[in-house]
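The structure under discussion appears below in the form of structure tokens.
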Protein chains: 2
Amino acid sequence: MNKELILRLSKYKRLLFKLKALGLERVFSNNLGDAIGVAPSLVRKDFSVLSLSGNKRGGYDIDMLIEKLDIVLGRDKPQEVIVVGCGRIGTALMQYEEFRNEGIKIIAGFDVSPENVSKTSGVPIYHIKEMKDFVEKNGTKVGIIAVPDSEAAATLDMMIESGIRGVLNFATIELRINNRGEIDNEEQPCTIHNINICLELEHLFYQVNVANEMEPEKAE
Amino acid sequence: MNKELILRLSKYKRLLFKLKALGLERVFSNNLGDAIGVAPSLVRKDFSVLSLSGNKRGGYDIDMLIEKLDIVLGRDKPQEVIVVGCGRIGTALMQYEEFRNEGIKIIAGFDVSPENVSKTSGVPIYHIKEMKDFVEKNGTKVGIIAVPDSEAAATLDMMIESGIRGVLNFATIELRINNRGEIDNEEQPCTIHNINICLELEHLFYQVNVANEMEPEKAE
DNA sequence: CGTTTGTTGTGAATTCATTCACAATATAAC
DNA sequence: GTTATATTGTGAATGAATTCACAACAAACG
Ligand SMILES: NC(=O)c1ccc[n+]([C@@H]2O[C@H](COP(=O)([O-])OP(=O)(O)OC[C@H]3O[C@@H](n4cnc5c(N)ncnc54)[C@H](O)[C@@H]3O)[C@@H](O)[C@H]2O)c1
Ligand SMILES: NC(=O)c1ccc[n+]([C@@H]2O[C@H](COP(=O)([O-])OP(=O)(O)OC[C@H]3O[C@@H](n4cnc5c(N)ncnc54)[C@H](O)[C@@H]3O)[C@@H](O)[C@H]2O)c1
């Protein structure tokens, strides 16, 4: 299962909810394709791979798609997350109420100096030393890294050690398992997604400064 | 020029700076490959495409690489950005001092109610109505969207209208040009990158709940 | 009912990034 | 100076994701 494919599936699902809320009951592959920016044939291929079938004329049934996608995506909400590092990014996330609508719940924050963190969200904040116990007790599997860059790698180690299996990293250093030795022999895999805002901005500057300056047809 | 390729080039550059700071003068393709997580042959291919050549034994000269990469990436810093929507995410970004080290400068924030924004960063905050003038006057080309989802599409229109040509979007709806009509006949292209934190988390939940539960070799 | 229309479903073709494999060659060693 | 060694540079092979193209078919229409 391809990363891009899974992303598309999530996008389909998100869109289907909106269409359903609007009162629609069926969609065509080209509606979905237009909306998420892919070719209709790819939409059909995606569904075909998952054995989701439509109706030779009337398109796909929205309820059916949502139901099947939920199964494939394995979401029997709500999903629980912890935030490690309760600074600017960390608290912005903890205060973001919309997560609830997405079936996502931030159940705790951890910091080296929890006494400095303003507790304006309903999320409890603990000292980082308590993380391992907490994660083990709650069986938490996903966590967000929002500590300073210099702490990121060590924090990752600690989280994996505690039992975290999925990490969203905001530090501007790219984390990968195996970055620091020792861990990769642990048998449980851990998935890491890096959100590198600096890199994204640099990419935009490139597009704006360089790519768009060339003859537009030659540029990417 | 491929998106992935450009991302790799930025990563090479970032890494090369660190190596240089450590006192190194030359690197091999496998050093770079290990560090950013790609095959050495891909590193060589990347450089080959850009006609950056190394030395048949001693690898690549770091200074030369940095210099050439800077040219390719078109960075004659510092690059200026505006932030539209000065809420939790927006202010977190404005307060992030590390951008300076990356040659990125946030020059202004815009909001519908600037009087409510705590001005704890050095960045001036203006009413959204002043954005167009500001952007035109400063020739700003890149902006960040951090307004509520419901405002995101309209905000994008306004930014493009004002002359912004690269957008980093934090709203959880995927923005694309052509989303709302009318704009796509404007001849200037605008690049949009969406950072969808909810989607990233959902993806992690999928990995953790579904993919890793199957026989690990069959899962993605 | 028969015909037209529009949409799915999918095997084949295509495209494109990555990896392979190895010849070319600069440096080091002796 | 000759030989050994390490690393580059790149054309060919591979592999994967996407698009193409069209047959199959359900619904709508007359
Ligand atoms: N703020 C931004 O706009 C922004 C932009 C791009 C990248 N980032 C990255 O996001 C990360 C967080 O940024 P921020 O601006 O929120 O930083 P911040 O300094 O506001 O917050 C960091 C928090 O982590 C805590 N902390 C430090 N060491 C810790 C440890 N070992 N364990 C647990 N907590 C620890 C600190 O007490 C602090 O509360 C950084 O890596 C930064 O590079 C931030
Ligand atoms: N905070 C998070 O952790 C988080 C996580 C995921 C996604 N997001 C997305 O990021 C965006 C911003 O989130 P936030 O938490 O910072 O929201 P927020 O409500 O804290 O801030 C939004 C700001 O935008 C301003 N605003 C509203 N309409 C505007 C307009 N038309 N023009 C200019 N400014 C306007 C508001 O005054 C407010 O200051 C949202 O789209 C949200 O979905 C946020």
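For clarity, every value in this text was computed on a predicted model and none was experimentally measured. In what follows, chains are A, B, ... by sequence order, proteins preceding strands, each numbered from 1. Heavy atoms only: backbone and side chains are in, while hydrogens, waters and symmetry mates are out.
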Does any non-hydrogen side-chain atom of A:I197 lie less than 4.5 Å from one of B:Y96?
no
Looking only at C:dG11, D:dA12, D:dG9, the nucleotide nearest the A:K45 side chain is C:dG11
Which pairs, protein N/O on one side and nucleotides 24-28 of chain C N/O on the other, fall under 3.5 Å?
from, atom 1, to, atom 2, distance (Å)
C:dA26, O3', B:N55, OD1, 2.8
C:dT27, OP1, B:N55, OD1, 3.4
C:dT27, OP1, B:N55, ND2, 3.0
C:dT27, O2, B:R57, NH1, 2.3

Using whole Å, what does the distance between atom C1' of nucleotide C:dT5 and atom CZ of A:F28 come to?
12 Å
Find the distance A:E4:CD to D:dT18:P and express it as a whole number of Å.
7 Å
If you pin A:V38 and B:Y60 to their nearest nucleotides in DNA chain D, which one's is more 5'?
B:Y60
What pair of heavy atoms forms the shortest contact from A:I145 to A:A152, and how long is it?
CD1-O, 4.2 Å
Could you tell me whether a side-chain N or O of B:R176 sits under 3.5 Å from a main-chain N or O of A:A35, the two making a donor and an acceptor?
yes
What integer distance in Å separates B:L42:CG from D:dG15:P?
17 Å
Output the rounded distance in Å from NZ (B:K3) to C1' (D:dA17).
16 Å
Donor-acceptor contact below 3.5 Å, side chain A:N196 vs main chain A:T172:
yes
Determine the contact category for B:R8: base if any of its heavy atoms lies under 4.0 Å from a base atom, sugar-phosphate if only primed atoms, P, OP1 or OP2 are that close, otherwise nothing.
sugar-phosphate
Nearest-Å distance for atom pair CG/P, residues A:N2 and C:dA17:
15 Å
Is the side chain of A:N169 donor-acceptor paired with the backbone N or O of A:I173 at a distance under 3.5 Å, no angle test?
yes
Without decimals, in angstroms, what is the distance between A:L52 CG and C:dT8 P?
13 Å
Length of the CG-P vector between A:D46 and D:dT18, whole Å
8 Å
Is there a side-chain contact between B:Q79 and B:V142 (heavy atoms, below 4.5 Å)?
no
Less than 4.0 angstrom between a side-chain N/O of A:S29 and OP1 or OP2 of C:dT8, yes or no?
yes
OP1 or OP2 of C:dT10 versus the side-chain N and O atoms of A:S48: is any pair under 4.0 Å?
yes
Can you measure B:N31 atom CG to D:dT8 atom C1' for me and round it to whole angstrom units?
13 Å
Within a radius of less than 6.0 Å around CD of B:E136, do more than 12 heavy atoms belonging to other residues, nucleotides or ligands occur?
yes
